[in-house]
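Heads up: the structure comes next, in structure tokens.
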2 protein chains.
Amino acid sequence: MATIKDVARRAQVSTATVSYVLNGTGVVSDTTRERVLAAVAELGYQPNYSARALRTRSHTLGVVAPGIAGRLADPATAEILAGLSEAATAAGYCLLIAAPTDSEAEGELDLRLARSGRVDGLVLFDLRVADERPAVLAEARIPAIAIGAPATGVTCPIAGFDLRAGAEQATQHLIRLGHRRIALLATSSDLSISEPFYAGYVAALHAAGLRRDATLVIEAGSSEDDGMAAMQELLAVRTPPTAVLAATDTLAFGAMHALRDSGKVVGQDVSVVGCDDLPLAAHTYPPLTTLRAPRRELGATLARHLISLIERRTVPPVTLLPVRLIVRHSTAAPRAAG
Amino acid sequence: MATIKDVARRAQVSTATVSYVLNGTGVVSDTTRERVLAAVAELGYQPNYSARALRTRSHTLGVVAPGIAGRLADPATAEILAGLSEAATAAGYCLLIAAPTDSEAEGELDLRLARSGRVDGLVLFDLRVADERPAVLAEARIPAIAIGAPATGVTCPIAGFDLRAGAEQATQHLIRLGHRRIALLATSSDLSISEPFYAGYVAALHAAGLRRDATLVIEAGSSEDDGMAAMQELLAVRTPPTAVLAATDTLAFGAMHALRDSGKVVGQDVSVVGCDDLPLAAHTYPPLTTLRAPRRELGATLARHLISLIERRTVPPVTLLPVRLIVRHSTAAPRAAG
DNA sequence: TTTAAGCGGTTAATCGGTTAAGTGGACTAT
DNA sequence: ATAGTCCACTTAACCGATTAACCGCTTAAA
């Protein structure tokens, strides 16, 4: 592999000049520039990444996500990653993905990657309510941005979806259809996003003069199976709900499965609303009414903001992308109120 | 940030000794080793990645995948990535993800990442039939492994699923149920995996004394919408199929949607078999009979093999992981043959 | 005419590690 | 007593870039 010295020799200049030409820094005459570029082309020269990174920055954004039973395997994550990756590459950065192991937990991995200079900054998935990661990274002066919702004591910028407005809008939709007993399949209350989602749900109920029924709020996990189990639980309540708002499409899919198993017709008997609008949501039976979350756009926003932080520009502390209700066929007026 | 010099000074040794201790190379007395380790701990020393990589290797595996409308956003990919990432991290490697752009195509990006030493090797997703990537990389002596099926002229190791056996098994299943007109929703014929899938389908038909009907073989794309469109096409045929084998679950989901739209009951009227066994497949209506592909395991295999190549060990040219038919409720005996 | 600034380069220090070669002292074999 | 081996380190070259400092020359400003 040709090095900068080979190029310099062939172009009869010093390595400094080659560097200046390639980086557009410094002043170089046109004829010299051309000689250098010709040498670069002839040798097929490619600057060594590690050498450059040693002097400058790594130009890499880090993502630490558990592979197993975790974020990485989630279809919604995939699209955020796609957006991240595209925006990062467009800005001259790459995306590094690492998985925590038994011997190295998420937080330690975050620190190691950043402190070893392997990444210039980190994207934190699934911000939790009392997440220590932002504080730890902030103390070490490591640029970071979290995906989620504002949580107390979080010291790094946050980007996410406006789930409060979304949940409110979705709940309103159900109320307008005539539903009065509306259940909530929430994600783990550890997650920062669970709070605004719940708040939006409650706000819509209150605005309509409805009371929240604690038995209709279930903290489900995240998988289809979790959604299914939660729905079964709801069906066993004295007066089951006529509508369900699920915090993710995946939970909604599980809920729909449980409803069908118990002989209910989704839409006719019980309405279901999801959140994410996975590509699949349009193709389930019935097609799912859901909140469309612009995941690619979130990915791109994360990349842009993180790069801004790395390059010492400022970014808004909180960026919430709007979600929009997509009405399909999993929601309808309740039977009795028909 | 502390450097190796700081550690050396504090432990009263040379930087070489520190390096020997940290890497387990060289001979160092126990007392010195302890002094060094103590200094490391006290300073919170973390070796600089770029400096190390400059002398040795990058310890990074590369994945080049188009973000938009591409591989990265696919739920099946996500799990392969999860497996890759976990196995890579466990072996001391990381995963780098980059997206091609308008100005830099996939192949160029592959080359740049490898030739700049940013990655030690590459995982090639979606091996195509006449894919030039393996040859280009082989010529540049860049370790690479492709995901797909053996294709003519491919000069790098390949790992994938045994789709030929899988498709055969799935087709057999449909034949045993009594189906005679079995359609195939194939992926793009550009992809290397389309060939074995088709071959397995045809082999099962022939073994049962059935003839392949060209009108029942449709080259669909990859999205749910593609599956839906293809199914609509099949429904318009003079004698529509009573069963459909789809090359991916995603295509199958689309096909089921089209069937429902045209008033057919999936399973009762038309059987559908998918391939992948996405987590969702168990929760659709009806739950999808499908070929389970061990995606995480494939990811882990890819990582292990690629690392072997990087470290100059040999790997089998072709590794096909077995797939297994999971029978759910989207397949049943055809109406007439009840 | 003298001074300062600008141009188009070069030299060499530097980033932070790895590792081949060398070195001094203790110990063993002859 | 002398030479040869280890042992446990150290020295210093090296990986391949970036970049501050400098240099000789020309040209414009005072």
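Numbered from 1 within each chain, the chains take letters A, B, ... in sequence-line order.
Side-chain atoms of Thr17(A) do not come within 3.5 Å of backbone N or O of Val13(A) as any donor-acceptor pair. With hydrogens and angles ignored, the 3.5 Å screen pairs a side-chain donor or acceptor of Asn23(B) with a backbone N or O of Ser19(B). Judged purely by atom type and a 3.5 angstrom limit, Thr56(B) uses its side chain to pair as donor or acceptor with the backbone of Arg52(B).
Considering only heavy atoms from C-beta on, Ser50(B) stays 4.5 Å or farther from Arg118(A) through its side chain. In this structure, the side chains of Leu113(B) and Thr60(B) stay at 4.5 Å or more apart for every pair of heavy atoms. Within the 4.5 Å cutoff, no side-chain heavy atoms of Leu306(B) are placed close to those of Leu84(B). Here the side chains of Arg33(A) and Val36(A) are not in contact, with every heavy-atom distance at 4.5 Å or above.
Along DNA chain D, the stretch of nucleotides lying under 4.0 Å from any heavy atom of chain A spans, 5' to 3', dG16(D) to dA20(D).
Summarising the geometry, the separation between CZ on Arg9(B) and P on dG17(C) is reported as 12 Å, rounded to the nearest angstrom. The NZ-C1' distance, from Lys5(B) to dT14(C), rounds to 8 Å in whole Å. A straight line from CG of Asn48(B) to P of dC15(C) spans 11 Å, rounded to a whole angstrom. The separation between Arg57(A) atom CZ and dG16(C) atom C1' is 18 Å, rounded to whole Å. Regarding Met1(B), its CE atom lies at a distance of 13 Å from the C1' atom of dG16(C), rounded to whole Å. One atom, CZ of Arg118(A), and another, C1' of dG16(C), lie 16 Å apart when rounded to the nearest Å.
Within the nucleic acid shown, Tyr45(B) comes within 4.0 Å of sugar-phosphate atoms alone, with no base atom in reach, counting heavy atoms only. If you check every strand for non-hydrogen atoms under 4.0 Å, Ser14(B) touches a base.
Of the residues in residues 16-35 of chain A, Ala16(A), Ser19(A), Tyr20(A), Asn23(A) come within less than 4.0 Å of DNA chain D through at least one heavy atom, sorted by number.
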Item to check | Thr77(B)/Arg71(B) under side chain to side chain donor-acceptor pair (under 3.5 Å): CA gap, chis, key distance, verdict | outcome: CA-CA 6 Å; Thr77(B) 305; Arg71(B) 264 289 144 207; 2.8 Å; yes
Item to check | Step-by-step side chain to side chain contact (heavy atoms under 4.5 Å, CB included) determination, Thr101(A) to Glu86(B) | outcome: CA-CA 8 Å; Thr101(A) 58; Glu86(B) 287 201 314; over 6 Å; no
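With salt bridges taken as basic N to acidic carboxylate O contacts below 4.0 Å, one links Asp120(B) and Arg57(B).
Partner Val123(B) forms a side chain to side chain contact (heavy atoms under 4.5 Å, CB included) with one of Leu81(B), Ile80(B), Leu302(B) and no other, that one being Leu302(B).
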Which protein N or O atoms sit under 3.5 Å from an N or O of nucleotides 23-27 of chain C?
none

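The residue among Gln12(B) and Arg55(A) whose nearest nucleotide of DNA chain D is located toward the 5' end is Gln12(B).
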